[in-house]
Amino acid sequence: MLGAMPLLLGAAREPATVLTAADAHVDGYPTVEAVRWIGKRLAEETGGRLGLRMYHSGQLGRENDTVDLVRHDVIDLTRVNFAPLNNAFPATRVAALPFVFDSTAHMRRAMDGAPGREILQRFGARDLVGLCIYDSGTRCFYNVRRPVHEPADLHGLKVRVPPSDIFLDFCRVLGANPTPLPFGEVYSALQTHLIDGAENNIRSFHSTRQFEVARYWSETAHSYSPEALLISRARLDRLEPRDRHLLTDIATASVPYMRQLWDEAEAKSRAAVIADGVRINAVDTAAFHAAAAPFVQTWLRNPEEQALHRAIRSLA
Ligand code: GTR
């Protein structure tokens, strides 16, 4: 027995490094699965030396809080939407502004290209490293009261917005009463009539079950506000150089995987909410564009953001 000990010790593996990752979305949501995929690939490529544990469903806190936890090196990674990053990282605003992208293909082209690289690089200003950018579909308005065809139909509605001044301001410009609330509180706020509606992509509308309460979905598609996967600079620097490169490469490789999951999930969610009786209506797109155009100009406040906007538009 004793004789076997050294052998066993000799065979023992180096302790695995487990990266902790946070996501506000439920298990199975495309962002959650894409980050899990990164973990699986890391474990495969390092023979188990590196791994990842995913804390989904907001277990580690609200999106804003998880960004601070990452910045202060308490947790390793977080996947957050650009919207809650808008106030602290002006570059993210440009990609969250209304109608900045013409289509999913345009958004993907821009986020894969120079504009996306620039936005990722700008996270460095606050001790973060942007690893990759994921899809988040198109955000549309939905509410408990009526179909929204034109901005006037939003007048007087209390609409939940994410914690971002541009979302708050845009809702106000459209004539709604914006109410900032954390993502996890929107369902009960709809149920208790604290708010009349909100805006988000159809996958989130479905996965949060908000469609059970808000039965009118209006296809404004006003924002493609994408998702960012962030890690703390300090954490990345503590990894061995080979692991650092591996993680950044695998994160980049997870983008097409995520998009495939996204396309499937979005189509399923759309079908599910329609089958449940949610009323989907087309909108007067020109009227929404007309309201958004001057608004966008007021938010392109400095030459960097103006240049980023031009770069995105040049890829339309
Ligand atoms: C979703 C996004 C979430 C969260 C949410 C919100 O589209 O994926 O991370 O930001 O919107 O509106 O709070």
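One-based numbering, in listed order, for ligands and for the atoms of each.
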Asks: May I have the step-by-step check of side chain to side chain donor-acceptor pair (under 3.5 Å) for Y29 and S204, ending in yes or no?
Replies: CA-CA 9 Å; Y29 197 92; S204 296; 3.1 Å; yes

Asks: Would you call L52 and V35 a side-chain contact if the rule is heavy atoms closer than 4.5 Å?
Replies: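 When only atoms from C-beta onward are counted, V35 and L52 do touch, with a gap below 4.5 Å.
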
Asks: Between F295 and W299, how do the two ring planes meet: parallel, tilted or perpendicular, split at 30° and 60°?
Replies: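 Because their plane-to-plane angle lies in the 30° to 60° range, the rings of F295 and W299 count as tilted.
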
Asks: Tell me whether the rings of Y142 and F205 are parallel (<30°), tilted (30 to 60°) or perpendicular (>60°).
Replies: tilted

Asks: Before we go on, tell me: are the rings of F183 and H25 under 6.0 Å apart, centre to centre?
Replies: yes

Asks: Parallel, tilted or perpendicular for H222 and F170, by the 30°/60° rule?
Replies: tilted

Asks: Please output the residues near ligand 1 using a strict heavy-atom distance under 4.0 Å, listed in chain and residue-number order.
Replies: H25, E63, R79, N81, S136, R139, R160, F183, N200, N201, S204, E227

